[in-house]
Colleague: 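Structure provided below as structure tokens; questions to follow.
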Amino acid sequence: MAEQQNNLLWTACSDGRVEEVREALAAGADPNARGGPYNTTCLMVAAWGNHSGVVELLLSTQGIQVNAKSECGSTALHKACASGSPASLALIVKSPGVQLNERDGSGWTPIMCAIGSQLDTTQAVLQMAALPDVCLDEDEKGRSMEEIAYRWVRKLSWLVLLSLSI
């Protein structure tokens, strides 16, 4: 029964259905339930979809693990950055204990995921770069933010954005 509840919660989070999420949590579903091909948490899947109402509800739930990692080592903040989800990102960065510079399985921090994304993540890059504690140093292989921007997605616009925010 608990597994079915958790599956329903994860699906509701994935679809952004706030009232169903609220009901599932009230019925005892685990806010840190996991699902999908990469074993992502409810918070991760909601952040990826920029379902800010669900993200806000989950973050207000006792016991939520904001820094939990997927099988790929990503956190909810990585997901929000990589998908260019500004509303969800803004909520997550305000969460107590959130790790702004945690590295995923590829050695990338959340801002690196925003820079290296194929999606429009301009707002995510700007939001993260504006935070005083976000590390804008090199990745684990010695590549600068500028090199990541150019090498991975050839977004010359990132070079301009980064130079303005550094």
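Note that these values count all heavy atoms, side chains included, but never hydrogens, waters or copies made by symmetry. Nothing fancy with the numbering, it's 1 onward along the sequence.
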Colleague: Identify the two heavy atoms, one from Ala46 and one from Val54, that lie closest to each other, and give their separation to 0.1 Å.
Modeller: CB-CG1, 3.6 Å
Colleague: Quick one: does Ser14's side chain have a donor or acceptor within less than 3.5 Å of a partner on Trp10's backbone?
Modeller: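 Such a contact is absent between Ser14 side chain and Trp10 backbone.
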Colleague: Which heavy-atom pair separates Ala114 from Val125 by the least distance, and what is that distance?
Modeller: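 Closest approach of Ala114 to Val125, heavy atoms only: CB-CG2, 3.7 Å.
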Colleague: Taking all atoms of both residues into account, what is the closest heavy-atom pair of Ile64 and Pro31, and its distance?
Modeller: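 Answer, listing the atom of Ile64 first, then Pro31: CD1-O, 3.6 Å.
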Colleague: With distance as the sole test, does His78 use its side chain to make a donor-acceptor pair with the main-chain N or O of Trp108 at under 3.5 Å?
Modeller: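 A pair under 3.5 Å: yes.
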Colleague: Between Asn67 and Thr75, is any side-chain donor less than 3.5 angstrom from a side-chain acceptor?
Modeller: no
Colleague: Determine whether a donor-acceptor pair (N or O, by modelled atom type, separation under 3.5 Å) exists between the side chain of Thr11 and the backbone of Asn7.
Modeller: yes
Colleague: State, to 0.1 Å, how close Ser70 and Thr40 come at their nearest heavy-atom pair, and which atoms those are.
Modeller: CB-CG2, 4.0 Å
Colleague: Run the numbers on Asn32 and Thr41 for side chain to side chain donor-acceptor pair (under 3.5 Å), then give the verdict.
Modeller: CA-CA 6 Å; Asn32 300 301; Thr41 65; over 6 Å; no
Colleague: Return yes if some donor-acceptor pair links the side-chain N/O of Asn6 with the main-chain N/O of Arg34 below 3.5 Å, else return no.
Modeller: no
Colleague: For the side chain of Ser60 and the backbone of Leu57, is there at least one donor-acceptor N/O pair under 3.5 Å apart?
Modeller: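 Indeed, once roles are kept as given, a pair shorter than 3.5 Å links the two residues.
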Colleague: Which atoms form the tightest heavy-atom contact between Lys79 and Ser74, and what is the distance?
Modeller: CE-CB, 3.9 Å
Colleague: Applying the side-chain contact (heavy atoms from CB on, under 4.5 Å) test to Val93, which of Val134, Val66, Leu77 qualifies?
Modeller: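 The single option meeting the side-chain contact (heavy atoms from CB on, under 4.5 Å) with Val93 is Leu77.
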Colleague: If we ignore hydrogens and angles and just use 3.5 Å, is the side chain of Ser85 paired with the main-chain N or O of Cys81 as donor and acceptor?
Modeller: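 Not confirmed, Ser85 side chain does not pair with Cys81 backbone.
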Colleague: Yes or no on side-chain contact (heavy atoms from CB on, under 4.5 Å) for Leu59 and Ile92, after CA distance, side-chain angles and deciding distance?
Modeller: CA-CA 8 Å; Leu59 289 173; Ile92 294 168; 4.2 Å; yes
Colleague: With Cys135 as reference, evaluate Asp137, Asp133, Leu131 under the side-chain contact (heavy atoms from CB on, under 4.5 Å) test and give the passing residue.
Modeller: Asp137
Colleague: State which residues pass salt bridge (charged side-chain N to carboxylate O under 4.0 Å, His left out) with Glu102; sequence neighbours excluded, sorted by chain then number.
Modeller: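 Applying salt bridge (charged side-chain N to carboxylate O under 4.0 Å, His left out) to Glu102 gives Lys69.
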Colleague: Which heavy-atom pair separates Ala82 from Thr121 by the least distance, and what is that distance?
Modeller: O-CG2, 3.6 Å
